[in-house]
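Reviewing the structure listed below.
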Amino acid sequence: MRTPSHRPRGHQDSGRRPLRHAIGATVAVSAAVVALVTPAAAADTSPHSPSSTSGGAAPADTTTTHAGATTAQERDRISAYWTPERMKLAGALVPEITPVPEDDDTPDDPRPLPPNTPDSGSVWTHGGAVVKNVGRLFFTFSDGYDGSCTATVVIGANRSTVVTAAHCLRGVGSPSADDTWNHNFYFVPGYRNGTKPLGGFTIRTMATSSRWDADPDTTGSSDVAAAGYDTGLLVANPAAGGRPIEDVTGSQRIGFDRPVEDEFVHAFGYPDYGLNDPGDKYVGSRMIHCAGTSHPGPEVPLLWGEGCDMSAGSSGGPHLAHFDTRTGTGTVVGVTTTDEELAGGQTPTLYATRFGDSAHRLYDWAQSR
């Protein structure tokens, strides 16, 4: 999973979006990573202020924000846009000729999964809170085609906080440029086979690290992600009746502690690259689960991953520590960023941007929105 150049007819360069199958071509880590990864960033215990390759000090890591659907008219338009068929085909490279995938009718299993059971990728059938507060995040690229990622409702003072990957929200570039941010954001918690079990939520506002404001001619999305800045925060609009999303879906805890080697972690997501490659078994119909011990990426040690075969569409999905398989609750400690093609390690591995002080800054920003 790597930042792709989105569409055959699109004009974005291949460093605009981070995951290999996230829709297209692969991107190598450039020398810009050296400018972004510093002892302060690696330790994630103090504000990120890495040096630039020219020897000058880079701007401090701050919060870059972007407005979403702020009017009733815009919320209604976006809700109407995301029909069942459009959601099912989000992520297809050529949706005009892509067959609508069949529903996944894998039967649910009410029995809890035994603790610490490794899983390299399977439909999550065991219920619990995670099937309510994790869902698909839909959006439209600047070229007019639709994509999707995964996102999670987390505990927040505003009861409206949703976390995903920054590269699901935008590409590298000026935050005021028309093609930097995606649009038509729509979060469907508990998405399943084109349905909205708990309704759909438009997004009021969103934020990423200011590292994404970099010049795309010298820095790619994979560079920023590899340096540990691939966290995006969303503030959801309330449901039609005025209830905040957390009151509808419940929430997962969120944690910002230093990663622990060999910690057992559960990952969830909605991979969908099977829409484009018949060799990939996932088409985004159901939520997929992986679990295993977590290790840093040999090539990109700021990213931590577990054995998992999820592909495009899983970007932004939660990596949960202390996950209780009986209740479906845990602590989100990171979000899916990439796979072994960028970070190294065994095949397959799904890597997360782990939350540190930069993510904490974004989370704090969201609480007052």
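Judged by distance alone, the side chains of Ser120 and Asp309 never bring a donor and an acceptor atom under 3.5 Å apart. Between the side chains of Thr161 and Gln367, at least one donor-acceptor pair of N or O atoms lies under 3.5 Å. Side chain to side chain, Thr140 and Asp146 meet the donor-acceptor criterion of an N or O pair below 3.5 Å. For the residue pair Tyr145 / Glu96, a side-chain donor-acceptor distance below 3.5 Å is found, with atom types taken as modelled. A donor-acceptor pair shorter than 3.5 Å can be found between the side chains of His289 and His266.
Under the 3.5 Å distance criterion, the side-chain polar atoms of Asn237 are matched with a main-chain donor or acceptor of Ala69. In this structure, the side chain of Asp223 engages the main chain of Gly220 through a donor-acceptor pair within 3.5 Å. Remark: the backbone N or O of Ala129 is paired with a side-chain donor or acceptor of Asn133 at under 3.5 angstrom. One N or O on the side chain of Gln252 and one on the backbone of Gly328 form a donor-acceptor pair closer than 3.5 Å. At distances below 3.5 Å, not a single donor-acceptor pair connects side-chain atoms of Asp339 with backbone N or O atoms of Leu350. No donor-acceptor pair under 3.5 Å is formed between the side chain of Glu246 and the backbone N or O of Ser160. Looking only at distances, no side-chain donor or acceptor of Arg243 sits under 3.5 Å from a matching main-chain atom of Pro238. Side chain of Asn158 to backbone of Arg369: a donor-acceptor contact under 3.5 angstrom is found.
The shortest distance between side-chain heavy atoms of His66 and Pro175 does not fall below 4.5 Å. Using a 4.5 Å heavy-atom cutoff, the side chains of Pro101 and Leu89 are in contact. Here the side chains of Tyr191 and Lys88 are in contact, with some heavy-atom distance below 4.5 Å. With contacts defined as side-chain heavy-atom distances shorter than 4.5 Å, the pair Ser251/Val153 qualifies. Thr231 has its side chain within reach of Val163: a pair of non-hydrogen atoms, C-beta onward, lies under 4.5 Å apart. Counting heavy atoms from C-beta outward, Tyr270 and Met287 have side chains that approach closer than 4.5 Å. For the pair Trp181/Thr64, a side-chain contact is recorded, criterion being any heavy-atom separation below 4.5 Å from C-beta on. Inter-residue side-chain proximity for Thr353 and Leu303 is flagged as met; some heavy-atom pair is nearer than 4.5 Å.
Annotation: the span from Thr98 atom OG1 to Leu93 atom CG amounts to 7.5 Å, rounded to 0.5 Å. With values rounded to the nearest 0.5 angstrom, Tyr273 atom OH is found 16.0 Å from Tyr282 atom OH. In this structure, CZ in Arg258 is found 11.5 Å from CZ in Arg354, a value given to the nearest 0.5 Å. Distance check, rounded to the nearest 0.5 Å: CG of Asp324 to OG1 of Thr329 gives 5.0 Å. Atom CG of residue Asp103 and atom CG of residue Asn193 lie 4.0 Å apart, to the nearest 0.5 angstrom. Taken to the nearest 0.5 Å, the CG atom of Leu234 stands 7.0 Å off from the CZ atom of Phe185.
In the hydrophobic clustering of ILVMFWY residues, with side-chain heavy atoms under 4.5 Å counting as a link, Leu320 and Ile254 come out together. A chain of hydrophobic side-chain contacts below 4.5 Å, direct or via other Ile, Leu, Val, Met, Phe, Trp or Tyr residues, connects Val248 to Leu137. Linking Ile, Leu, Val, Met, Phe, Trp and Tyr whenever their side-chain heavy atoms come within less than 4.5 Å puts Val131 and Val134 in one cluster. Hydrophobic clustering of Ile, Leu, Val, Met, Phe, Trp and Tyr side chains at less than 4.5 Å, counting indirect connections, unites Tyr351 with Leu342. When hydrophobic clusters are built by joining Ile, Leu, Val, Met, Phe, Trp and Tyr residues whose side-chain heavy atoms come closer than 4.5 Å, directly or via intermediates, Val260 is not grouped with Val265.
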Worked check of side-chain contact (heavy atoms from CB on, under 4.5 Å) between His167 and Trp212: CA-CA 9 Å; His167 78 261; Trp212 289 85; 3.6 Å; yes
Steps toward salt bridge (charged side-chain N to carboxylate O under 4.0 Å, His left out) verdict (Arg211, Asp61): CA-CA 6 Å; Arg211 293 294 183 219; Asp61 171 32; 5.1 Å; no
Stepwise side-chain contact (heavy atoms from CB on, under 4.5 Å) check, Thr106 with Arg286: CA-CA 9 Å; Thr106 303; Arg286 297 280 295 274; 3.9 Å; yes
Derivation of the side-chain contact (heavy atoms from CB on, under 4.5 Å) call for Glu306 and Cys290: CA-CA 8 Å; Glu306 305 82 49; Cys290 291; 5.9 Å; no
Residue pair Phe139, Asn184: steps toward the side-chain contact (heavy atoms from CB on, under 4.5 Å) verdict: CA-CA 5 Å; Phe139 50 84; Asn184 285 338; 5.8 Å; no
Phe268 vs Phe323, ring-ring contact (aromatic ring centres under 6.0 Å, His included): CA-CA, chis, key distance, verdict: CA-CA 11 Å; Phe268 293 87; Phe323 184 73; 5.4 Å; yes
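Shown here are the side-chain hydrogen bond (donor to acceptor under 3.5 Å, both in side chains) partners of Ser79, two or more places apart in sequence or in another chain: there are none. A search for side-chain hydrogen bond (donor to acceptor under 3.5 Å, both in side chains) contacts involving Asp262 returns His295, not counting sequence neighbours.
Remark: of the listed residues Val335, Thr152, Thr150, Leu169, Leu169 is the sole one forming a side-chain contact (heavy atoms from CB on, under 4.5 Å) with Thr164. The side-chain contact (heavy atoms from CB on, under 4.5 Å) test with Ser285 singles out one residue from Val123, Asp272, Asp104, and that residue is Asp104.
The residues Glu74 and Arg77 are annotated as salt-bridged, a charged nitrogen and a carboxylate oxygen being separated by less than 4.0 angstrom.
Taking the six-membered ring where the residue is Trp, the centroids of His126 and Trp124 are separated by under 6.0 Å. You'll find the ring centres of Phe256 and Tyr363 inside the 6.0 Å limit.
Heavy atoms only, all atoms of each residue included: Gly173 and Pro216 are closest at CA-CD, 3.9 Å. Across all their heavy atoms, Ser210 and Ala60 have their closest contact at OG-O, 3.5 Å. Nearest heavy atoms, Ala236 versus Ile245: CB-CG2, 4.1 Å. Across all non-hydrogen atoms, the minimal contact from Phe138 to Ser148 is CD2-CB, 3.8 Å. The minimum heavy-atom distance linking Cys149 with Ser315 is given by the pair CB-O, 3.2 Å. Closest heavy-atom contact between Ser314 and Thr336: O-CB, 3.4 Å.
The number of heavy atoms from other shown groups lying within 6.0 Å of CZ (Arg253) is above 12. More than 12 heavy atoms of other residues, nucleotides or ligands sit less than 6.0 Å from atom CD of Glu261.
Sorted by first and then second residue, the salt bridge (Lys or Arg N to Asp or Glu O under 4.0 Å) pairs involving residues 190-209 (not counting sequence neighbours) are Asp108-Arg192.
By the 6.0 Å and 45° rule, Arg136 does not stack over the aromatic ring of Phe187.
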